[in-house]
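For reference, the structure is listed below as structure tokens.
For this chain, numbers begin at 1 and follow the sequence in order.
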Amino acid sequence: QVQLVESGGGLVQPGGSLRLSCAASGNIFSIHTKGWYRQAPGKERELVATITNNGDTHYADSGKGRFTISRDNAKNTMYLQMNSLKPEDTAVYYCKHTNVGQFYTYDYWGQGTQVTVSS
């Protein structure tokens, strides 16, 4: 079992920055993937960025060049640094941890944190 606790959301003006945190605890498999997703009202949840246990990263086009995903293994914490925020970035942001076993994968989600970009 993996528990994920998110923090760092809030209200910010266009062009501003926020850093989201996702603290993990529990049974983290050697092979795993972590990522950030977001969901705006009335829209489907979409991928923002992912990072593997090896440190490989992937970004959706929406945040490419503005967002940075990182992790601190000593603190078991993943971060999403968001710069040059736009109103269209407004959404609930969720962190996800995926344990990769021999035959199955296991997904775990954080509780979500609201990000609102508005003047």
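- Partner Tyr108 forms a side chain to side chain contact (heavy atoms under 4.5 Å, CB included) with one of Gln3, His32, Gln1 and no other, that one being Gln1.
- You'll find the side chain of Gln114 reaches within 4.5 Å of the side chain of Val92, heavy atoms only.
- When hydrophobic clusters are built by joining Ile, Leu, Val, Met, Phe, Trp and Tyr residues whose side-chain heavy atoms come closer than 4.5 Å, directly or via intermediates, Leu47 is not grouped with Ile51.
- Taking both residues in full, the closest heavy atoms of Tyr59 and Ile69 are given as OH-N, 2.9 Å, listed atom of the first, atom of the second, then distance.
- Closest of all the heavy-atom pairs between Ala40 and Ala91 is N-CB, 3.8 Å.
- At least one side-chain heavy atom of Trp36 sits under 4.5 Å from a side-chain heavy atom of Cys22.
- Using modelled atom types, one side-chain atom of Thr90 and one backbone atom of Val117 make a donor-acceptor pair closer than 3.5 Å.
- Neither side chain, His58 nor Asp56, offers a donor N or O lying under 3.5 Å from an acceptor on the other.
- Considering only heavy atoms from C-beta on, Thr33 stays 4.5 Å or farther from Thr105 through its side chain.
- You'll find the side chain of Glu46 reaches within 4.5 Å of the side chain of Arg38, heavy atoms only.
- Put simply, CG on Asp89 and OG on Ser118 are 12.5 Å apart, with the number rounded to the nearest 0.5 Å.
- Within a 6.0 Å sphere centred on CD of Gln13, other residues, nucleotides and ligands contribute 12 heavy atoms or fewer.
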Checking side-chain contact (heavy atoms from CB on, under 4.5 Å) for the pair Val100/Phe29: CA distance, chi angles, key distance, verdict? CA-CA 7 Å; Val100 181; Phe29 285 13; 5.7 Å; no
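- Distance OG/Ser84 to CZ/Arg66: 7.0 Å, rounded to 0.5 Å.
- Between Lys34 atom NZ and Ser70 atom OG the span is 11.5 Å, to the nearest 0.5 Å.
- Between the CG atom of Asn27 and the NE2 atom of His97 there is a distance of 8.0 Å, given to the nearest 0.5 Å.
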Using the side-chain contact (heavy atoms from CB on, under 4.5 Å) rule, take Tyr106 and Val2 through it: C-alpha gap first, then chi angles, then the decisive distance, then the call. CA-CA 10 Å; Tyr106 306 87; Val2 175; over 6 Å; no
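- Annotation: salt bridge (Lys or Arg N to Asp or Glu O under 4.0 Å) contacts of Asp107 (sequence neighbours excluded): none.
- No path of Ile, Leu, Val, Met, Phe, Trp and Tyr side chains, each step under 4.5 Å between heavy atoms, connects Leu20 with Tyr37, placing them in separate hydrophobic clusters.
- Here the OG1 atom belonging to Thr50 is positioned 9.0 Å from the NZ atom belonging to Lys96, to the nearest 0.5 angstrom.
- Using a 4.5 Å heavy-atom threshold, the side chains of Tyr104 and Asn99 count as separate.
- Take Asp61 and apply the side-chain hydrogen bond (donor to acceptor under 3.5 Å, both in side chains) test, not counting sequence neighbours, and it matches Lys64.
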Could you pull out every donor-acceptor pair under 3.5 Å between side chains of residues 74-81 and any protein atom, sequence neighbours left out?
from, atom 1, to, atom 2, distance (Å)
Thr77, OG1, Lys75, O, 2.9
Gln81, NE2, Asn83, OD1, 3.0

Walk me through whether Leu85 and Phe67 qualify under side-chain contact (heavy atoms from CB on, under 4.5 Å). CA-CA 9 Å; Leu85 284 163; Phe67 296 177; 4.0 Å; yes
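- Heavy-atom neighbours of Ile31 CD1 from other residues, nucleotides or ligands within 6.0 Å: at or below the threshold of 12.
- Closest non-hydrogen pair, Tyr94 versus Gln111, comes out as CE2-O, 3.8 Å.
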